[in-house]
Structure formats: structure tokens, C-alpha cells
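Side chains are part of it too, since the values below use all heavy atoms of this structure and drop only hydrogens, waters and symmetry mates. Whatever order the structure lists them in is the order used to number ligands and atoms, beginning at 1.
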Amino acid sequence: MTKVLILMGSDSDWTVMKKAADTLTDFGISFEAHVSSAHRTPEKTMMLVHNFTGECIIVGAGAAAHLGGVVAAHTVRPVIAVPLNATALNGLDALLATVQMPSGIPVATMAIDGAKNAALFALSILAVSDEQLRSRLEKYRDAMTKEIDAKDQNLQKSLRGA
Ligand code: RP5
């Protein structure tokens with residue numbers, strides 16, 4: 001069964017949203033990805049959300065980004081949104097439109113262009129009921145810790161002129 005649905009408002013969003021897809025692939029999590037707009041294809045968006053039987057939905061949209069809110073209005077599954085830098089406002093428009101959801105219909109909002117974190121957050125949600133995935137996420141964090149430690153050691157060496 002497809003676990004995650006990725007929706008984006010335009011094919012121009014894919015360059016960023018692909019990072020979410022790549023991260024899910026790295027963790028072996030099945031997903032579907034579709035271009036569907038809250039404004040330009042409202043019926044298709046609603047149909048994709050209603051037909052989805054997986055666990056959580058990642059949404060990417062730029063400009064007056066309503067996709068996250070519209071998707072969340074049609075499901076009680078968790079919706080994670082990525083405000084995208086697509087206009088002269090550099091993503092601030094999409095960030096505010098997405099993060100300022102009125103009380104009652106929540107949308108978990110990531111950083112502007114934060115597609116990788118959207119996938120990692122989705123993985124955390126899936127890991128609540130998947131012990132194997134939880135252990136893979138823990139290993140991923142351990143690897144990050146080691147990477148940062150190695151970077152610090154390199155810095156210390158270069159500061160000592162070694
Ligand atoms: C939004 O408008 C899309 O999510 C995209 O980020 C932005 C621009 O879309 P295009 O004009 O590139 O199709 O709806």
C-alpha cells in the first residue's frame with residue numbers, strides 16, 4: 001500500500017519536492033506524487049485526497065499557497081506542507097499562507113523549500129507504529145551526529161594548524 005501521497009501545485013515545484021521523494025525512497029517508503037493545484041484543478045485535488053488510503057500527505061506549493069489547507073480540509077490524515085520559493089516574495093507569501101491556518105484544520109508547516117524535512121517528519125509519523133522504521137531513523141540521526149563530530153574534529157585540527 002502507498003504510505004505517503006506527495007502533491008504539488010505545479011510541475012515547477014518538482015525540483016524542490018523531489019527531495020522529499022528521494023528521502024522516502026532512501027528509507028524504502030512507498031509514495032505517489034502528483035501535480036494538482038488547489039486553484040487550477042480543485043476537483044482533481046479533492047479526488048486524490050479522498051482516494052488516498054495511506055498514512056500521511058506531503059504538500060508543496062508556492063505563491064498564495066492554499067494547497068495544504070485545502071488538502072487538510074478533506075482529510076483527517078496528517079498534512080505536512082512545504083511553502084515553496086516561487087515568486088518575487090521568495091517564499092514568504094507561501095510560508096504565511098500555509099503556516100497561518102485558522103484554528104481547527106492544522107497543517108504542519110516546514111521551512112521554505114524544506115522538502116527533505118517534510119519527508120523526515122512523515123517518516124517520524126510512520127515510525128510511531130513501525131519499529132523497524134524507528135530504528136532506521138535512529139541510525140540516520142546517529143550517522144548525522146558522527147558526521148558533525150568529524151567536521152568539528154577537522155575544524156579543531158585546522159585551527160591547531162595540524
Ligand atoms: C503555485 O504557483 C505552484 O505551487 C507553484 O509553486 C507556483 C507557480 O506555478 P507555475 O506558474 O510554475 O505553474 O500554484
Side-chain angles (χ1 to χ4, degrees), residues 1-130 133-134 136-137 140-141 143-144 147-148:
M1 186 189 67
T2 306
K3 296 265 188 193
V4 178
L5 174 63
I6 300 176
L7 295 179
M8 67 212 90
S10 170
D11 61 344
S12 62
D13 299 330
W14 179 239
T15 322
V16 173
M17 294 310 293
K18 188 177 180 303
K19 291 174 193 155
D22 289 345
T23 303
L24 294 175
T25 301
D26 287 347
F27 279 83
I29 296 298
S30 57
F31 66 90
E32 272 178 49
H34 293 277
V35 173
S36 192
S37 160
H39 310 91
R40 293 181 273 200
T41 60
E43 284 88 10
K44 178 181 173 187
T45 299
M46 201 171 69
M47 190 267 291
L48 285 164
V49 174
H50 284 162
N51 289 344
F52 177 61
T53 56
E55 298 192 33
C56 77
I57 302 179
I58 296 175
V59 163
H66 295 123
L67 191 56
V70 166
V71 167
H74 288 285
T75 182
V76 293
R77 290 184 165 83
V79 176
I80 306 164
V82 185
L84 296 173
N85 175 2
T87 73
L89 295 180
N90 298 324
L92 193 56
D93 42 2
L95 172 65
L96 295 178
T98 307
V99 82
Q100 286 292 84
M101 279 300 290
S103 181
I105 306 289
V107 172
T109 307
M110 301 293 110
I112 295 169
D113 288 349
K116 184 170 179 177
N117 265 3
L120 290 170
F121 194 60
L123 291 168
S124 291
I125 292 169
L126 301 184
V128 170
S129 57
D130 181 338
L133 181 58
R134 191 157 63 242
R136 294 193 63 198
L137 268 176
Y140 174 82
R141 292 268 178 111
M144 243 190 320
E147 205 180 303
I148 297 299

From L24 atom CG to E32 atom CD, the distance as rounded to the nearest 0.5 Å = 12.5 Å
Distance filter under 4.0 Å, heavy atoms only, around ligand 1 gives G9, S10, S12, D13, R40, A61, G62, A86
Inter-residue atom distance K18.NZ - T25.OG1, 0.5 Å rounding = 8.0 Å
Between M8 and the options V16, V35, V59, the side-chain contact (heavy atoms from CB on, under 4.5 Å) test singles out V35
Side chain to side chain contact (heavy atoms under 4.5 Å, CB included) assessment of L67 paired with T45 = CA-CA 9 Å; L67 191 56; T45 299; 3.8 Å; yes
First locate atom CZ of F31, then atom CD1 of I58, and finally report the distance between them rounded to the nearest 0.5 Å.
-> 9.5 Å
If you round to the nearest 0.5 Å, how far is CG of L48 from OG1 of T75?
-> 12.5 Å
